[in-house]
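Notes to accompany the following structure.
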Amino acid sequence: MKAVELKALPHYKLFLSFDDGVCGTIDLSSMVEKGIFQGLKDEASFNKVYLTGYSIAWSGELEIDLLSVYAELAKRKPEEFMSANSQYAAD
């Protein structure tokens, strides 16, 4: 699972697509109301999103794990992917 496309959309949404065809939009509007993510309420800051390879990020301190997003878009639980991904770490 590798993210191949990320686009910031209006109203704190992100479009993501992965190399296996899984794609979709996630709504982060409730997240920007909480904790350290409140700094993203400014849509110009939110739009500075980028991929690190393992996460969606806005800075070194502000990240969301890609596995969680992938699982949500694939309508599965993150745990279902954990053991499969662990095998690659040993290769």
Side-chain angles (χ1 to χ4, degrees):
M1 165 234 41
K2 178 181 177 186
V4 294
E5 183 180 5
L6 169 66
K7 286 183 193 174
L9 302 173
H11 310 292
Y12 311 106
K13 294 180 182 174
L14 297 175
F15 172 81
L16 283 113
S17 65
F18 294 85
D19 61 351
D20 64 355
V22 170
C23 64
T25 301
I26 58 169
D27 183 351
L28 301 178
S29 58
S30 63
M31 185 188 73
V32 300
E33 301 291 331
K34 301 173 188 168
I36 63 170
F37 289 99
Q38 287 179 354
L40 299 177
K41 268 192 113 161
D42 171 46
E43 285 203 49
S45 296
F46 182 84
N47 292 339
K48 293 180 182 178
V49 65
Y50 59 93
L51 293 168
T52 68
Y54 300 99
S55 65
I56 299 165
W58 291 269
S59 71
E61 293 83 37
L62 222 50
E63 299 179 318
I64 298 173
D65 180 54
L66 272 174
L67 182 61
S68 299
V69 174
Y70 179 86
E72 181 179 329
L73 294 176
K75 299 185 183 350
R76 294 175 66 190
K77 295 179 182 178
E79 302 85 50
E80 294 179 48
F81 305 103
M82 296 288 240
S83 61
N85 287 341
S86 298
Q87 293 171 349
Y88 295 111
D91 291 342

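Partners of Lys41 under the salt bridge (charged side-chain N to carboxylate O under 4.0 Å, His left out) rule, at least two apart in sequence or in another chain, are Glu33. With sequence neighbours excluded, the residues satisfying ring-ring contact (aromatic ring centres under 6.0 Å, His included) with Phe46 are Tyr12, Trp58. Partners of Ser17 by side chain to side chain contact (heavy atoms under 4.5 Å, CB included), not counting sequence neighbours, listed by chain and number: Val4, Glu5, Phe15, Cys23. Applying the side chain to side chain donor-acceptor pair (under 3.5 Å) criterion to Asn47, with sequence neighbours excluded, gives no partner residue. Taking the side chain to side chain contact (heavy atoms under 4.5 Å, CB included) definition, one finds that Glu63 meets it with Thr52, Ser55, Ala57, sequence neighbours left out.
Side chains of Leu14 and Ile64 form no contact here, defined as non-hydrogen atoms less than 4.5 Å apart. When side chains are defined from C-beta on, Val49 does not count as touching Leu40, because their heavy atoms never get closer than 4.5 Å. Contact of the Leu16 side chain with the Ile56 side chain is registered, since non-hydrogen atoms from C-beta on lie closer than 4.5 Å.
Leu9 and Leu66 are assigned to two separate hydrophobic clusters, defined by single-linkage of ILVMFWY side chains at heavy-atom distances under 4.5 Å. One hydrophobic cluster holds both Leu73 and Met31 under the rule that ILVMFWY side chains link at heavy-atom gaps under 4.5 Å. Neither Tyr50 nor Ile36 shares a network with the other; the hydrophobic side chains, linked directly or stepwise wherever heavy atoms of I, L, V, M, F, W or Y lie under 4.5 Å apart, form separate groups for each.
Judged as a salt bridge (Lys or Arg N to Asp or Glu O under 4.0 Å), not a single pair has a partner in residues 43-59 (not counting sequence neighbours).
To the nearest 0.5 Å, atoms NE2 (His11) and OG1 (Thr25) are separated by 12.5 Å.
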